[in-house]
Student: 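Let me begin by handing over the structure; questions about it come next.
Chain letters run A, B, ... following the sequence lines, proteins first and then strands; every chain starts at 1.
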2 protein chains.
Amino acid sequence: MHSFTEENYLKAIYKLQETNGEVVATSALAQVMGVHAPSVTDMLKRMAGKKLVTYQKSKGFKLSEKGKKVAVGIIRNHRLWEVFLVDKLGFRWDEVHDLAEQLEHIHSEDLTNKLDKFLGFPKADPHGDPIPDANGVLPKSKSVLLSSLKAGEEGTFTGVTDHSPVFLNYLDKNAISLGNSIKVASIEEYDQTYTLQLTGKKEVTVSFKVVNSLLVSR
Amino acid sequence: MHSFTEENYLKAIYKLQETNGEVVATSALAQVMGVHAPSVTDMLKRMAGKKLVTYQKSKGFKLSEKGKKVAVGIIRNHRLWEVFLVDKLGFRWDEVHDLAEQLEHIHSEDLTNKLDKFLGFPKADPHGDPIPDANGVLPKSKSVLLSSLKAGEEGTFTGVTDHSPVFLNYLDKNAISLGNSIKVASIEEYDQTYTLQLTGKKEVTVSFKVVNSLLVSR
DNA sequence: AAATTAAATTAGATTAGCCTAATTTTACTT
DNA sequence: AAGTAAAATTAGGCTAATCTAATTTAATTT
């Protein structure tokens, strides 16, 4: 159907559109794909030919409806496999990304749906990212950055915006786990460090960078 | 590491060596790979360069130790994934081959071994084919073709040599399942049809082609 | 052993996805 | 509005894996 490369472009474009707005720049895509700009121009022409993206010379590009559908399908696969790897095989949440990047490209609606059922129709992957349903519908998250809470406010830890293993390990080390309740005990005005009160009254003091990578729902 | 294509060549060569003897012909490999002969010559030169096969111009070729190791690793993956698809996800045994062909190329010893453990260290895949262990050791099968039994002899159905969905469905339709006991009730001399007595005294009459594709152990 | 047939290889092209270097287009400054 | 900087594209090349057509090598038949 589509090559792995095409699929990875689609996924990357989808994510860039999600965070950086509708239209994507060649250079931005080149950066996340780890290739040089002319390769992107090349690839986009091919993909535009297949109606996966709409592309106007030097004006940026975005996914077509068709392209979006493919991208969401891949994200669904990716997140379901991550759940499998963690829940069934016992991998840690910081180990599964690269494996899921490979598994996500195996195309079979039947496989995906059977896997979904086997896992008990999970709503989110091990990092809290929502899993699109079989129709490609992504539940709209109501989570906010922990950095947006004021001192005294509280929420439930629902996800991360930084998926790097080093950050995930940092959270493990400080016993900050998905589903925990987190209360902002205090905020140091001088350097924006946050003291957090976790489930069981444990307190940790963390930098702004940390609270700015945590999602909570209130 | 190696491309999917290379890995598929390695697997195909391994299987040809297993059934047709040590040295493999260009044309035979071209046929099973579904490509034309010059493509095979090309590919083999590349693979010889990587020490995956030993190759002498116009003299055929065979796997090196290194190549054999890679091939067996892929077969291990393939068969473990087939067990997963059937035992855990509920696929039928005639549906899993193509999916396993994709899953087998995901490389991670860690993944393979965790999957193996999750499945309870199975010894054979859903078609009865033996699964190499983590060291690449394949248990030597003591099974024989059902066609080699004489009238009155009996065995346990342990595997098939024809893996085509149409044959597997035929077996399903006649309630011939792995693990069943099968007794050769009689052999018709005229056309070599076999009447088999299955577990529970059910009798079926089948052609020579069928008994020549069934493996039994005595 | 010579002739014919079959198998394998070489030669030369093609496609996807990438590259570097050069050029063009767009955006930003003054 | 002109000049510069940044971003995007074109031009031309490379590699892996394939192809067809032509040639060479090996095997088989008479």
Student: For B:Asp133 and B:Asn135, indicate whether the former's side chain and the latter's backbone hold a donor-acceptor pair under 3.5 Å.
Tutor: yes
Student: Say whether, by atom type as modelled, one donor and one acceptor occur between the side chain of A:Asn77 and the main chain of A:Glu104 under 3.5 angstrom.
Tutor: yes
Student: Show me the protein contacts with nucleotides 23-26 of chain C, counting only N or O atoms at under 3.5 Å.
Tutor:
none

Student: Contact boundaries of DNA chain D with chain A (under 4.0 Å, heavy atoms), 5' to 3'?
Tutor: D:dA8 to D:dT10
Student: Checking the side chain of B:Lys114 only, and the main-chain atoms of A:Leu85 only, is there a donor and an acceptor separated by less than 3.5 Å?
Tutor: no
Student: Are the side chain of B:Asp129 and the backbone N or O of B:Asp125 linked by a donor-acceptor pair below 3.5 Å?
Tutor: no
Student: Who pairs with A:Phe121 by ring pair (Phe, Tyr, Trp, His ring centres under 6.0 Å), at least two apart in sequence or on another chain?
Tutor: none
Student: Output a table of donor-acceptor pairs, distance under 3.5 Å, between side-chain atoms of residues 207-218 of chain A and any protein atom two or more places apart or on a different chain; print 'none' if there are none.
Tutor:
unit_1	atom_1	unit_2	atom_2	d
A:Ser207	OG	A:Lys209	N	3.3
A:Ser207	OG	A:Val210	N	3.4
A:Asn212	OD1	A:Ser147	OG	2.8
A:Ser213	OG	A:Lys209	O	3.1

Student: Which value, rounded to the nearest 0.5 Å, describes the distance between B:Leu115 atom CG and A:Lys88 atom NZ?
Tutor: 13.0 Å
Student: Using a 4.0 Å cut-off on heavy atoms, which residues in residues 2-24 of chain B reach DNA chain D? List them by number, or say none.
Tutor: B:Ser3, B:Thr5, B:Tyr9
Student: Under a 4.0 Å heavy-atom cut-off, which of residues 31-56 of chain B touch DNA chain C?
Tutor: B:Ala37, B:Pro38, B:Thr41, B:Lys45, B:Tyr55
Student: Check this for me, if you would: do A:Lys150 and A:Glu153 make a salt bridge, where the nitrogen-to-carboxylate-oxygen distance has to be below 4.0 angstrom?
Tutor: no
Student: Just how far is it from atom CG of A:Asn169 to atom CG of A:Asp94, taken to the nearest 0.5 Å?
Tutor: 4.0 Å
Student: Would you say A:Arg79's side chain and A:Pro130's backbone share a donor-acceptor pair under 3.5 angstrom?
Tutor: yes
Student: Any donor and acceptor pair, going by atom type alone, linking the side chain of A:Glu7 with main-chain N or O of A:Ile74 inside 3.5 Å?
Tutor: no
Student: C:dA8, OP1 or OP2 - any side-chain N/O from B:Ser27 closer than 4.0 Å?
Tutor: yes
Student: What about B:Tyr9 and B:Phe61, are their ring centers closer than 6.0 Å?
Tutor: no
